[in-house]
Amino acid sequence: MNAERFLKQLPALFEDFPVSEHPDDRRFAPIAEEIENLARENNFALLNLAASCLDPGEAYVEVGVFHGASLIAAMLGNQSNRFVGIDSFDFRDASLETVEQNLDRFGLSRPELLVGDVFELAREGKLDDVVVGAWYYDALHAYEAQLEGLRIAEPFLAPGALLIVDDTDWEQVGRAMDAYLAGQPRARRILTIEGKERGYPQWWEGMQVLEWRP
Ligand SMILES: C[S@@+](CC[C@H](N)C(=O)[O-])C[C@H]1O[C@@H](n2cnc3c(N)ncnc32)[C@H](O)[C@@H]1O
């Protein structure tokens, strides 16, 4: 993963980063409008850029697919890369069938979709063949789950991998990010973007990006 390229290119996607209401390129607008989601166009642009910065053989892994909006946004234009989506589908009316229909609607072929609890799937070895270049954790954001949602990724991370988390405005998420960094010298925070609690609703509830250092 080329974290430096990611950081350099992100502001260039916006007229006035991070203030802009949307990225210059509006291709994520239909996703935001047509698929129920918990994000904004800006978050989608960031994920798409991360997926475009993967090195050969690396995968974008998303924990918390819901109806597929963020995964579809990450995949647009990056389909030669490997994508793995993980969801237990026990939130609202989320289902694998809906994700598949939404992938069809946006003309995308099926990525690898693992159905179940991410912590169990990882323990069972379902991620053992995945070299993670970008790990997007958007599942349960309770303090312990958030912390563990970063820790379980560690055995699979490529040098320079990005750990991307949203809803980082939330007190317990911010605290979990700080605790994770305090206990893991191989990770460093390379980006914090504030969200609606802090005056930037165009970034949903905020995002942070960590880099996994070789
Ligand atoms: C906030 S939604 C994801 C939103 C999606 N990324 C988007 O932008 O539209 C959180 C999802 O995480 C899933 N989830 C929560 N805990 C999980 C776990 N332990 N393992 C797998 N999926 C989980 C839920 O089923 C839910 O669909």
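Remember, it's 1-based here, ligands and their atoms both numbered in the order they're listed. The analysis underlying the following values was restricted to heavy atoms, covering all of them including side chains, and did not include hydrogens, waters or symmetry mates.
- The Ser70 neighbourhood of ligand 1 comprises atoms 5 (C), 6 (N), 7 (C), 8 (O), with distances under 4.0 Å to a heavy atom of that residue.
- Contact atoms of ligand 1 toward Gly116: 20 (N), 21 (C) (distance under 4.0 Å to a heavy atom of the residue).
- The two atoms that bring Arg213 and Pro185 nearest to each other are NH2-O, 3.2 Å, heavy atoms only.
- Counting only heavy atoms of the protein, atom 3 (C) of ligand 1 lies nearest to Gly64 O, 3.3 Å.
- Counting protein heavy atoms only, atom 10 (C) of ligand 1 is closest to Asp138 O, 3.1 Å.
- Among protein heavy atoms, atom 25 (O) of ligand 1 sits closest to Asp87 OD1, 2.6 Å.
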Original post:
Can you list the steps and then say if Asp167 with His141 is a side chain to side chain donor-acceptor pair (under 3.5 Å)?
Top reply: CA-CA 8 Å; Asp167 298 327; His141 290 300; 3.0 Å; yes
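- In the candidate list Phe89, Phe91, Trp204, Phe91 is nearest to atom 26 (C) of ligand 1, counting heavy atoms.
- In terms of N/O distances under 3.5 Å, ligand 1 is approached by Val118.
- Between Trp203 and Phe44, a ring centre-to-centre spacing not shorter than 6.0 Å is recorded.
- Regarding atom 1 (C) of ligand 1, its nearest protein heavy-atom neighbour is Leu38 CD1, 3.5 Å.
- The closest donor-acceptor contact from the side chain of Asp87 to the backbone of Val63 lies at 3.5 Å or more, if one exists at all.
- Within a 6.0 Å radius of NZ in Lys8, other residues, nucleotides and ligands contribute 12 heavy atoms or fewer.
- Against a heavy-atom cut-off of under 4.0 Å, Asp90 is close to the following atoms of ligand 1: 25 (O).
- The closest protein non-hydrogen atom to atom 19 (N) of ligand 1 is Asp117 OD1, 2.8 Å.
- Looking at atom 22 (N) of ligand 1, its nearest protein heavy atom turns out to be Ser88 N, 3.1 Å.
- Side chains of Ile72 and Leu103 form a contact here, defined as non-hydrogen atoms less than 4.5 Å apart.
- Note that Arg175 lies in the cation-pi zone of Tyr143, set by a 6.0 Å cut-off to the ring centre and a 45° limit from the axis.
- Under the 4.5 Å side-chain heavy-atom criterion for grouping Ile, Leu, Val, Met, Phe, Trp and Tyr, Phe156 is not connected to Ile164 through any hydrophobic cluster.
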